[in-house]
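Below is one structure; the comments refer to it alone.
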Amino acid sequence: MGNSESSSAGGESQEYTQLERKLQSELTYLKRSFAHLSTFKDGNQQSIPLSALEEVFNLAPLNVGNVPSADNSSLPLFISEIGPAIIRTFFISNSGQVDWPHFLSGFNMCCKEGLGAVKLKMLFAVFVKGKHDHDLLPKLQVDGDQDLIGFVTMSQLRDVFLLCWLLMCHSRLDNVQDKEVHVTLPNLHPLLASCYATASEAPAETDWKGDEEIPVEKLISWVLATIPGITDCFAEYVKAHLQRLGSERKTIKSEDKPSPQATGVVDQEGKALGHSRNGEAVEPGLLTLETAWAVGLSQRDSSGSDLVTAACDLSGSSNSHPTLLYRSSSHGRGLSRFWTRVEGYKASVLMLISGTSIGGDNDELTGKKWEVGALVPGGFENKEVFYGSSGCCLFAISPLFLPLRSTGRETNYVYSHKRTPGVAYGSHPKPEGVGFGGSDGKERLWLDDEFLTVTVQHHALDKSYHSGALIPGQGYLAVKGRVSKVEVWGLGGFSADEQQAVYQHRENLFSEQRRKVDLKNFGNWKDSPDAAMMDLMSDPNKAAREER
């Protein structure tokens, strides 16, 4: 028996030694956070009371406003239960204390690497397995260690998504706050409407009330296809809290907080974010918090993570806010105005277009309003042919959110052409405008050169982007819309802004040099061929008289 106990103890010791090696890169802040929370028990063995660990993972000090009505929302309960649910799921202990090996094992379970589906199931499992006084997801069950079975209602899904946004916001708070942070929740209706239309196979225009049930299998498939970035929110939340404990604790006083104008962040009540080229804040527009969050979660590159960070930056301390390159209401409509603002920007850009459908013989407005967008990784170029890379993506933004990524079958990603003054063109010049997907004359999305009309073709004509309707209820015929607003946002950060400024300064110098004319280089006007031609045109008989 003694040998058996010794062998068991040796196996556990070896197991935690391997775990420490696996978490070597995070071991420093984990040890510091454990030491900060730990107390001494008998024999000077350190451990953490479960109550102290629960407090660490609470969402305080967020003060959440505009919470959905209490009759169909459990968001306040989700917020209050997040800390205890994490402890009851990963750090459960009969003794009420968590020692170092147990602490390390719980962290590994929370943050272990895995597929997106596994991480998403773990997020839901926290509220199923860790329930206490409230059954937050009553129709959802955990089958074994990984699988989920059952249903989630639309109101519950809304609360889970809002909680994920709050988790991401809290993860990006740099320091421990001494005052509550007031938070205005984003409007996630386009995301939820897209999920309901996909999971229930209902028409795109079908609205939902909240009690509709979504099978968890279809829900997970939709999340992984549409917003896969949301699967990392739980691990980020746990890591961020322990990293704060493991670093030097600092309190932010209200007078030390950076102002929104200093970082380019507009107040959350306006639901907008970003700054202009000179660093000043911009007025609310098409790029709202919810749009930036959804687009960012749909991408797996740096531009996506920067958009998520900008959307979840409550303290206004992030340097990832996008730059407003062009806005039709401020800079004027048309391809010429557009090009003077975006030319030379060599990083990812996000273009947003809002419009209203038109129909009939007189192109009358039908009242259907929608918003579409496009992500171009390398910026816009003035070309007569299609260009771009597989990182390009089309978006249906509102009233439903849907990313349409590259298929890899064709490369007609982006077309943007403006005629260059002074350049000779053939008998069939290329059209001027901005287009995405499709082919010449049949672009999937086409914005005319005056930025007055936008045309959306059926996805059957496009093999560059995945199938899907950019506009709800879109049939096989092309849909034309009256353009309301056009915005282009640069996502390359400060370095891309500087590079564009250098490029445009150089182009302005070249333009000034071309406009300057040194008359000395042309000799005497009377001896010039132009002067002789002018004399001949004014007096055609002058040459004949001189011969006589």
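Basis for what follows: all heavy atoms, side chains included, without hydrogens, waters or symmetry-related copies.
Side-chain atoms of H241 and H170 form a donor-acceptor pair, as typed in the model, at a separation below 3.5 Å. A side-chain N or O of E343 and one of Y503 form a donor-acceptor pair less than 3.5 Å apart. Side-chain N/O atoms of S416 and W339 include no donor and acceptor closer than 3.5 Å. Side-chain contact, S302 with S305: no donor N or O sits under 3.5 Å from an acceptor N or O. Between the side chains of S406 and Y465, no donor-acceptor pair is found at a separation under 3.5 Å. Between W370 and Q474, the side chains place no donor N or O within less than 3.5 Å of an acceptor N or O (distance only, hydrogens not considered). At a cut-off of 3.5 Å, with distance as the only test, a side-chain donor of S73 or D159 sits close to an acceptor on the other residue.
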**OP:** Output, in order, the C-alpha distance, side-chain angles, deciding distance and verdict of side chain to side chain contact (heavy atoms under 4.5 Å, CB included) for M122 and F90.
**Re:** CA-CA 11 Å; M122 183 177 64; F90 302 107; 3.7 Å; yes
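The distance between the ring centers of F338 and F380 falls below 6.0 angstrom.
Side-chain contact between T226 and S298 is absent, with no heavy atoms from C-beta onward closer than 4.5 Å. Side-chain contact check for V486 versus Y326: some heavy-atom pair is nearer than 4.5 Å.
S398 pairs by the side chain to side chain donor-acceptor pair (under 3.5 Å) definition with nothing, not counting sequence neighbours. Scanning for side-chain contact (heavy atoms from CB on, under 4.5 Å) contacts around E212 gives M154, Y196, W208, K209, with sequence neighbours left out.
The line from CG of L224 to CG of L115 is 9.0 Å long, rounded to the nearest 0.5 Å.
The only member of R21, K112, K239 that meets salt bridge (charged side-chain N to carboxylate O under 4.0 Å, His left out) when paired with E26 is K239.
No more than 12 heavy atoms of other residues, nucleotides or ligands lie within 6.0 Å of NZ in K485, so this atom counts as exposed by the packing criterion. Summarising the local packing, CZ of R405 is surrounded by more than 12 heavy atoms from other residues, nucleotides or ligands at distances under 6.0 Å. Counting non-hydrogen atoms of other residues, nucleotides and ligands closer than 6.0 Å to CD of E55 gives a total of 12 or fewer.
Taking the six-membered ring where tryptophan is involved, the planes of F78 and F127 are perpendicular, since the angle between them exceeds 60° and thus also 30°.
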